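A quick note: this is a predicted structure, and the numbers were derived from the prediction, not measured.
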Amino acid sequence: KYVGKFYSDNYDNNLKTYLSLYPDFVNYTDNIVESYLVTNVIASYELKLESYLKNIKFQFQVNNLFDNLYASYAIGKEFFPAAERNYLIGIKIGL
């Protein structure tokens, strides 16, 4: 997933201009959340059964495969880091 750069407020690239005109306008100088690329992988395998269970599906997921450090969200001067690499394992049983 690729997300391009975006701003943490509604001032966009005008923040520096506002701060030069009104030095106490806000108490931060950086409002750009840098672009990022994150890779997630999902693998699954389904077994078809002929008993009282119709099927069993196994699923394995890795989010942020390359363990990139990035801010996924921001409001004003507050930047929120995204989760580091994490794993999910699941089993789905069809009756």
From [atom1] ([X]) to [atom2] ([Y]), nearest 0.5 Å:
X: R85; Y: L65; atom1: CZ; atom2: CG; value: 6.5 Å
X: L15; Y: N10; atom1: CG; atom2: CG; value: 11.5 Å
X: I91; Y: K57; atom1: CD1; atom2: NZ; value: 13.0 Å
X: I32; Y: Y7; atom1: CD1; atom2: OH; value: 5.0 Å
X: D9; Y: N14; atom1: CG; atom2: CG; value: 10.0 Å

| remark: Sequence neighbours excluded, the answer for side chain to side chain donor-acceptor pair (under 3.5 Å) partners of D30 is none
If you group Ile, Leu, Val, Met, Phe, Trp and Tyr by side-chain heavy-atom gaps below 4.5 Å, do [X] and [Y] land in one group?
X: Y70; Y: F6; answer: yes
X: I89; Y: Y45; answer: no
X: Y87; Y: V41; answer: yes
X: F66; Y: Y36; answer: no
X: F58; Y: I42; answer: no

Quick check: are there more than 12 heavy atoms from other residues, nucleotides or ligands sitting under 6.0 Å from [atom1] of [X]?
X: L21; atom1: CG; answer: yes
X: Y2; atom1: OH; answer: yes
X: N13; atom1: CG; answer: yes

| Mind checking who shares a hydrophobic cluster with F80, ILVMFWY linked at side-chain heavy-atom distances under 4.5 Å? | Y73, I75
Would you say [X]'s side chain and [Y]'s backbone share a donor-acceptor pair under 3.5 angstrom?
X: N64; Y: A83; value: yes
X: N31; Y: T29; value: no
X: N68; Y: L37; value: yes

| Which residues share a salt bridge (Lys or Arg N to Asp or Glu O under 4.0 Å) with E34, sequence neighbours left out | none
| Using 30° and 60° as the class limits, which term best fits the ring planes of Y18 and Y11: parallel, tilted or perpendicular? | perpendicular
| Heavy-atom closest contact (N63 atom, N40 atom, distance) | CA-OD1, 3.2 Å
| What is the minimum heavy-atom distance between S35 and K5, and which atoms define it? | CB-N, 3.5 Å
| query | Is there a side-chain contact between K77 and N27, using heavy atoms and a 4.5 Å cut-off? | reply | yes
